Amino acid sequence: MSDNPSVTPMMQQYLDMKEHYKDCILFFRLGDFYEMFNEDAVKASKELEIALTGRDCGLGERAPMCGVPYHAADTYISKLIEKGYKVAICEQTEDPAMAKGIVKREVIKIVTPGTVTDNSVLDEKKNNYIACISRTGSYYGFAAADVLTGEFLATSVTYGSAEERLLNEIAKYMPSEIVIPYGMADTGLTGMIKSRIGSYISYMDDNAFESEKASNTLKEFFGPQVESFEPDLALYAISAAGALITYISAAQKTTLGHFSAVKGYKIEDYMVLDQTARRNLELTETLRDRRRKGSLLGVADRSVTSMGGRLIRKWIEEPLLDIEAINSRLDSVAELKEKYMLRMEIREILRKIYDMERLSGRISLGSAQCRDLISLRISAGQLPFLKELLRGCSSGMLFDIYNSFDALEDIYELINSAINDDPPLSLKDGGIIKEGYSEEADRLRAAGTEGKNWIAAMETAEKDRTGIRNLKVGFNKVFGYYIEVTRSHLDLVPENYIRKQTLANCERYITDELKKIEDTVLHAEEKLAALEYELFLEVRQKIADAAVRIKNSAFMVAVTDAVASLAELADREDYRRPDVNDGSLIKIIEGRHPVVEKNIGYGSFVPNDTLLDNDENRFLIITGPNMAGKSTYMRQTALIVIMAQMGSFVPAAEAVIGVADRIFTRVGASDDLSSGQSTFMVEMSEVASIINNATPKSLLILDEIGRGTSTFDGLSIAWAVTEFISSRDKIGCRTLFATHYHELTELEGKLSGVKNYCITVEEKDDGIVFLRKIIRGGADESYGIQVAKLAGIPSPVTERAHEILKILEDADVSKRFSRIRRGAKNVDGQVDIFAFMNTVNSGSEVLEELKNIDIRNITPVDALNILYSLQKKAKKGI
Amino acid sequence: MSKIILLDENTANKIAAGEVVERPASIVKELLENSLDAGASVIDIEIKGGGIEYIRVTDNGSGIAQDDAEAAFERHSTSKIRCAEDLETVMTMGFRGEALASIAAVSDIELVTRQRGFDGGYRINIRGGSTVFAGAAGSSEGTSVTVRELFYNTPARYKFLKKDAYEAGAVVEAVISAALSSVSVSFRLRNNGAQVLFTPGNGDLRSTLYSLFGKEAATLSDDISHVYEGIEIGGIAGRPEIARSTRRNQYIFVNGRPIRNKTVTAAIDEAYRTILMTKKYAFIVLKLEISPSFVDVNVHPAKAEVRFSENGKIFEAVYAAIVKAVNKAQDIRAAGRTGDAEDSENPALKYNGSAGAVAEDILTQPGFTIYSGLSAAGNDAGSTEKACFGSLDHNTSAVDGAIEAGAKRPRISEMRVIGQLFATFILLEYVETAYMIDQHAAHERLLYEKLRKEYASDAMSSQMLLEPVTYDPPVKDSGFIDEKLDILNKAGFAAEHFGNNSYIIRSVPSAIAGEDPDNAFRDAVDALRGVFRDPDNNGYAENSQTGEMGTEIAAGTDLLLYGMACKAAIKGNRLLHPDEILHLLKDLDDYDGPLTCPHGRPLIMKADKKTFEKLFKRIL
């Protein structure tokens, strides 16, 4: 916009500034308000539901304008952030009273979804991540940071189907904002991020991502430590990390003292769980309504501090692979589980500790208030007690914490000596600094008090001097201090009294001396307020310098809380310690589903065993009716493995867990309509992904493959997939496969490693009862119609269904031959469905038996018995 | 024509039910006993509607075989004894074979069970005595019994049930009892969906106490461990600091069974007599292990009472066990206490076999109980204050030695003044009784009443200061002070706003004219906020309440006036001139109100002549 001479200076200033912040809503400080103009005003007025007015700006028609009061700004800013806007905050940087011409203004902060620091919009048990992606050729760099806690991580994706893997890694963090170079703006990847993750996307100039520049930025910021990246990873991760730091610094416009390091990691350091698996297993959110309650996190999180809560969440999302690390966690959990009273005491103390991580962040960013410092002091005050409690602990993690615990006594002392225990909300009105901390402040305070004392003493002095017995010295806001004399004594008023105010029954005077003292007092009070503010900033800065120490102690507290939380969980819910090792055996005795068992009342959940390895038991086919518990069984196996690898006790009487490097799930039929894929397509792409990425150490949960298409197609695909996955040459990893294709039960004995299981059901005259027990063997019925009846389908429909079923079964080849198959001997070589056609009419067990009866040598009674048994068999169709 | 007929099984059960199945708590008790006998390590209990509507007890024990499950509901069936002789050696808890049958007759009961090592479970549902369902069912190992609609078919018994809250309370007590007895079992209790109890079941009694009663019970107590002639006694004895005002927290177990027994109770009382204030009862968990042949458990239908074949031995054993436990603790405390030479001696274990024998220590005499109680109970003045502050039963802390107002008592003017004892107490005599008055408490109470009258009739006298004084409160308090200026003025402080965050004080209440004006003002403001700074205590008693409760505002003003009275009154440890003593006594004589300081401490105590004579062994 060119300089238009008739535009007012203020508006010009606004327009100039807006040029630089086109992608934000600009909050322009005018007096006690933040004002927005033009399009910003129109947008904001709509989103925030505030009045849209106008203002003369010298252009003829009024410019649209709307504003919010300065002290309530945070709520409005948060609302805009939630709606996906960025807000640039422009403050007056000089005192309006001193300014010549228009007041100088500057943007001091840009608030974006990933960089909010206002507590009211943040979930305290969840980190708020801002991420960044860089691309070099077909490889990607990825960095993520939490502006408030100072966490900063980076990794790269350098092989395989990089985009898919990158998306899964992003999904792990679910960042609220992602920074992408302009060059990637229109790629498919960006589109997928928008649809699958839903983060707010910010763009940045490509040159911030340039590796040399990014590397320098990091070096400047962190020092030489950046060399600690491994050579390969280094390049791509550095790009993303450097760009991210640049972006955050620009937005916050402060130093980021609490960012102490960038932690490089490999995605394969943790169990790989793609987005589908995380969702299907409902690790941190339920599938249906994306809520915490009903997920594993909802059940497992018993933490009492925010930091502990966030850490538990992270532990669930990043199950470990390193046996030692896992056992180290388990050792500590075991110790606190056993020591009941110690655990209770620890939790009592933890309850009194505030969110030190975020407090240190706010202090570093310069936005901490007095209350925040007091919260920090109270928290620090508890640390010595916590340390003392940890003294007797023998398990590695807790022992190490005790030895390296920094109880921040000096921070406590600093705040305790400097800041009043119950400070006011505002920073500029004094009342912040304790007596005894600063000589100057004490002096000014005393001066104020002395002055007031002098004035009070004046009352007695004047009484004596003038002889006016009822003379009084008073104060009011308008006139300040005065001497009050009633009408009856006006004659005694001395010369030096200057009349100030007349009232009905008295007159009020001042004297020069009084005024002078009053000025001193007021002056002292003003100076004191300003000094207290300075001192506060000083104290805050000193604490900010120790931000890294505070963060470290906060981390120790978080770990203690997380361990105590897992111990509490294990104690309350009767979990046992799993034996985690590098082998391939997964053996679970009396396993239970941690979430489902809480929903149905203690003792009602029927526990089940699981036996999986890379050998004879690597592919388990589970058949049986729907709703009977197959899915729950498979999910519980996966959850128990995840819990074991996160270092938690598990809901089972006994568990041996051979570590899994990834868990895949293909569960449930969902039409992913938004991305234009049908159920079957979705399923096939998931299976494809599995086949392409699974390793022998993976764990697969497959719930119905081959649905969503015709029976024969589906059966064929399911069959082929089974062969492929179970084959040790191809994948051979541990797999649980639930299916309604009973034909697949034939594969036990044909393919190595395949075992059949089914879920037990008892059939009664009026329906079926789910016994919910998993046993060896294939189910021969799917009881689909009975289940339909249980679900409420009316009798006429189900009865007719039975009739139709009978007809179909008689005609159905596969059903018939499976009955025959059970009687026939094993056939060597390839399993061939059609070969069995030839055996349909011969080999029937009943006929065989009949043929073998020796009629001459049986009694009539025997004959009847044999007849009875033959009839029974015939009815069953053998 | 026979008029007498044989009742059918069902009816007979209903009748028997009346004895065994009084209320939900008795059902829970029976079911818990079964679970424990089945070797459970976790027992989960859930009740709704006080247990009348719904009770579920689930355990992870050994489960019941199908045939046994059915037979269990027949009367007098039990797996626990075979014949009457077995009663002699019965170690299991539930044995009379009545429980399940009785319960089934008067409710809708469902049993789901699965034996350890078996795949399948079994479910049986009986309503009012007839089987509704019996068949296979899914279940985890162990047994779960659900009782619904108790007494649905016996309206007479139903009417006898109390309100839900009461019944629920009884269930809670039953579970607490079981949990204390079996500390290796984890008990969980939910009432109307909310978790009420959880014990860790880690085999440690202290942890169980912690989970049920909190940190104090677990830490302010001592282990009991004693053997006496084949009787083993264990448990935990609470220290006087955590004594209660009722017997509710005395848990007695014999061979794991919770019981009531007069002999044991008497032994407990005797053992604690010297260290507890009267009307206070020890917090104690006492477990006796004794050969079954010396205990008759078949006395009470609900097995709540037992008979010992040798009461005397029991008494001695319990008494000795407790005294031993408590004394160990006393030694430790005595070492840390300042001043009191007599207390540091062990009350000697001179028990010689008959209840009520006197030990040779001044501390054990009833008349002086209150003092030794106070000093033994606390390590510092602070905790003695606690015993009085805000205690619900402060009215009963006027111990039996104290005089209740209104009770027939002689007028002080009729008593003979002996003198002043320890510069703190005034000694008087009347006929065959000695009276002791706490000079500070008495004066404080008199002043307090006077100030209240004056305040109420707006006649508080105030004294003008020689020079007005300024007071700068903490910034955030100014608002509060402005609100309360009226009250402060009425109380005798002539104060008004004097600049930013400053006040000028021209007069203070006469009663505290000797105090530092701005401290007095500050204390007054604090008192209005409910914070009382006790000069004897050096600390705060936050939000302390005076003995007389009113609305919140009244409490603030009362506290203010109380603070003034306390400051202005004659202190302890101050020698009084005879005139002062007489003056005080005269005022006290005219006084008609409660004979306690506003905090509930007694003003006057008495000890009769016999007490003194016993002390000197003139009589026994």
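FYI, side chains are in, hydrogens and waters are out, and symmetry mates aren't considered; it's all heavy atoms of this structure. Please read all numbers here as calculations on a predicted model, not as lab measurements. Per chain, numbering begins at 1; letters A, B, ... match sequence-line order.
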Contact part of B/Arg206 toward chain A, heavy-atom cut-off under 4.5 Å: side chain, backbone, both or neither? both

Would you kindly say whether B/Ser41 and B/Asn60 are connected by a side-chain donor-acceptor distance under 3.5 Å? yes

Can you tell me which portion of A/Tyr602 sits under 4.5 Å from chain B's heavy atoms? Options are side chain, backbone, both or neither. both

How far apart are the C-alpha atoms of B/Arg114 and B/Tyr122, what are their side-chain angles, what is the distance that settles it, and do they pass the side chain to side chain contact (heavy atoms under 4.5 Å, CB included) test? CA-CA 6 Å; B/Arg114 188 176 130 214; B/Tyr122 187 75; over 6 Å; no

Among the listed options A/Ile432, A/Asp571, A/Leu522, the residue most often paired with chain B at heavy-atom distances under 4.5 Å: A/Asp571

ring-ring contact (aromatic ring centres under 6.0 Å, His included) between A/Phe475 and A/Tyr481, worked out: CA-CA 4 Å; A/Phe475 174 88; A/Tyr481 293 100; 4.8 Å; yes

Just so I understand: if I count every heavy-atom pair under 4.5 Å between each of A/Lys463, A/Lys452, A/Glu338, A/Glu518 and chain B, which residue has the most? A/Lys452

Any chance you could lay out the side chain to side chain donor-acceptor pair (under 3.5 Å) test for A/Thr610 and A/Tyr633, step after step, and finish with the verdict? CA-CA 9 Å; A/Thr610 306; A/Tyr633 173 73; 3.1 Å; yes

What part of A/Ile775 gets within 4.5 angstrom of chain B, counting heavy atoms only: side chain, backbone, both, or neither? side chain

A/Lys773 versus chain B, heavy atoms under 4.5 Å apart: side chain, backbone, both or neither? side chain

Count the heavy-atom pairs under 4.5 Å between each of A/Asn608, A/Asn420, A/Leu425, A/Ile455 and chain B, then report the option with the highest count. A/Ile455

Contact part of B/Thr143 toward chain A, heavy-atom cut-off under 4.5 Å: side chain, backbone, both or neither? neither

Could you walk me through whether B/Thr146 and B/Arg148 pass the side chain to side chain donor-acceptor pair (under 3.5 Å) test, one step at a time? CA-CA 7 Å; B/Thr146 310; B/Arg148 295 182 171 88; 5.0 Å; no

So which of A/Thr460, A/Asp422, A/Val521, A/Thr449 has the biggest tally of heavy-atom pairs under 4.5 Å with chain B? A/Asp422

By side-chain contact (heavy atoms from CB on, under 4.5 Å), B/Ala513 pairs with (sequence neighbours left out) B/Gln463

Here's one to test your reading of the geometry: is the NZ or CZ of A/Arg508 within 45 degrees of the ring axis of A/Tyr482 and under 6.0 Å from its centre? yes

Segment of B/Glu46 engaging chain A (4.5 angstrom heavy-atom cut-off): neither

Test item: B/Tyr471 and B/Pro517 side chains (from C-beta on) under 4.5 Å apart, heavy atoms: no

Greatest number of non-hydrogen atom pairs under 4.5 angstrom with chain B, of A/Arg772, A/Glu459, A/Glu762, falls to A/Glu459

Find out whether the Lys NZ or Arg CZ of A/Arg576 is both under 6.0 angstrom from the six-membered ring centre of A/Phe649 and within 45° of the ring's axis. no

At a 4.5 Å cut-off on heavy atoms, which part of B/Ser144 comes close to chain A: side chain, backbone, both, or neither? neither

So what's closer than 4.5 Å to chain B heavy atoms on A/Glu590: side chain, backbone, both or neither? side chain

Tell me, out of A/Asn476, A/Asp429, A/Asp574, who's got the most heavy-atom pairs with chain B below 4.5 Å. A/Asp574

If the condition is salt bridge (Lys or Arg N to Asp or Glu O under 4.0 Å), which residues does A/Asp442 pass it with, not counting sequence neighbours? A/Arg445

Segment of A/Val473 engaging chain B (4.5 angstrom heavy-atom cut-off): both

Heavy-atom pairs under 4.5 Å with chain A are the metric here; pick the option from B/Asp472, B/Asp59, B/Ile504, B/Val469 that has the most. B/Asp472

